[in-house]
Amino acid sequence: MNIETTTARILLVDDQTANLTSLAGILKPLQVEVDTARSGPEALAKLLRAEYALVFLDVQMPEMDGFEVAELMRGSMKTRDIPIIFVTALNTEQKYVFRGYETGAVDYLFKPLEPIIVRSKANVFLQLAEKNRQLAAKNRELDKIVGELTETRDALRVANRQLADMALRDGLTGLANRRRFDQVLSGEWTRAIRDGSELSLAMIDIDYFKLYNDAYGHQQGDVCLRRVARALENALKRSTDLLARYGGEEFVAIMPLTDREGARAIGEALRFQVEDMGLVHRMSLIADVVTVSIGLTTIRPQSLSIASADATYVGQAPARFVATADSALYQAKENGRNRVVILDSRMEEV
Ligand SMILES: [Mg+2]
């Protein structure tokens, strides 16, 4: 932290020019910048215009006395914390008049002034002012650092969110990836058990994708994957549905709160959306355009807490569900592709 030192500025206020000259002479060895004012109003005007480390304030002045000036100084944010040394000819019996100011940085001097006492009191306040100034500078510096750290922390949070999001996304299609699919399936499985609701799953595979890649190249193959992803997304209307890239040219859709007939309708819509975009596939053996085969299954997951004490069985239940959808997909391919096949939990076509 770089704290610069500046010459302190002191304001001397007295209605007598001779007093001002004498006080300025006494303060000269302190190497401070000395300013003078001949009246309360002039003093207040100067205090508002510049920064002062200390004010010597004559108590007995016509028009506005030193206490009134001090009172007005306390009323302004800019001047309220400037230390005041009252200068008075009053005897010590009347010290009580200062009582109201003793909470602040206030002192007093009695005329005739003793140069050594004047300078030592001035020094005390000047050192205090300098310490306060350095402290304020350090605080500003710290505020700046805190601000920068806060910005860095916020930027890190954003970056971490993006990283976490990337870790769950397929880079090519922007869809959820296999890891995200596993998470969501596990969550939806638990939720379906709790709600007693049905859960449907669609495994989707692009027909003759290897032949497509051979014919058009891998770059065009990637374009095909992205376009199929968009078409499938368009067919899934509900925000609770999750479409993920399962791997290669395979996609998977989780459809919570969806019974078999609902799933059949969505499966047909998925299949149709892909065929309907009309992406030419001259190597396909079943159509002129890119098509997909879809395997579907629906389940009403049951809690296995009674059926089995074997914890691994609980973990395998969603896996079995996926395997059923996979078998349905295999069946759809066997049956001629570009179609939807639904298997029930006994692996029978329905
Ligand atoms: Mg006077």
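Since the model is a prediction, treat every value here as computed from it, not as a measurement.
- Ring geometry for Tyr212 against Phe209 counts as parallel: the plane angle stays under 30°, on a 0 to 90° scale with 60° as the upper cut.
- Between Arg230 and Glu233, at least one side-chain nitrogen of the basic residue sits less than 4.0 Å from a carboxylate oxygen of the acidic one, meeting the salt-bridge criterion.
- The salt bridge (charged side-chain N to carboxylate O under 4.0 Å, His left out) analysis of residues 322-331, with sequence neighbours excluded, yields no pairs.
- Applying the side-chain hydrogen bond (donor to acceptor under 3.5 Å, both in side chains) test to pairs two or more places apart or on separate chains, those with a residue in residues 281-293 are Asp207-Thr291, Asp207-Ser293.
- Gln302 places a side-chain N or O within 3.5 Å of a backbone atom of Arg300 that can act as its donor or acceptor partner.
- Side-chain atoms of Arg133 do not come within 3.5 Å of backbone N or O of Lys131 as any donor-acceptor pair.
- We find the NZ-CG distance between Lys138 and Asp143 to be 14.5 Å, quoted to the nearest 0.5 Å.
- Put simply, the residue from Val55, Asp35, Leu44, Leu47 that forms a side-chain contact (heavy atoms from CB on, under 4.5 Å) with Val13 is Val55.
- The ring-ring contact (aromatic ring centres under 6.0 Å, His included) contacts involving residues 225-246 comprise Phe181-Tyr246, where partners must be two or more places apart or lie in separate chains.
- Counting heavy atoms from C-beta on, the side chains of Met277 and Gln273 never come closer than 4.5 Å.
- A ring-ring contact (aromatic ring centres under 6.0 Å, His included) check over residues 321-350, counting only residues at least two apart or in different chains, returns the pairs Trp189-Phe321.
- One distance of note links CZ of Phe56 with CG of Leu109; it measures 6.0 Å at 0.5 Å rounding.
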Validation: residues 18-31 side-chain donor-acceptor distances under 3.5 Å, sequence neighbours left out:
from  : atom 1 : to    : atom 2 : distance (Å)
Asn19 : ND2    : Asp14 : OD1    : 3.3
Asn19 : ND2    : Asp14 : OD2    : 3.4
Thr21 : OG1    : Thr17 : O      : 2.9

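- Checked against salt bridge (charged side-chain N to carboxylate O under 4.0 Å, His left out), Arg346 has the following partners two or more places apart in sequence or in another chain: Asp344.
- Judged by the 6.0 Å and 45° rule, Lys78 forms no cation-pi pair with Tyr52.
- In Glu348, the CD atom is crowded: over 12 heavy atoms of neighbouring residues, nucleotides or ligands sit closer than 6.0 Å.
- The environment of CD1 in Ile116 is sparse: at most 12 heavy-atom neighbours from other residues, nucleotides or ligands sit within 6.0 Å.
- One finds a salt bridge joining Arg271 and Glu268 here, because a Lys/Arg side-chain nitrogen approaches an Asp/Glu carboxylate oxygen to under 4.0 Å.
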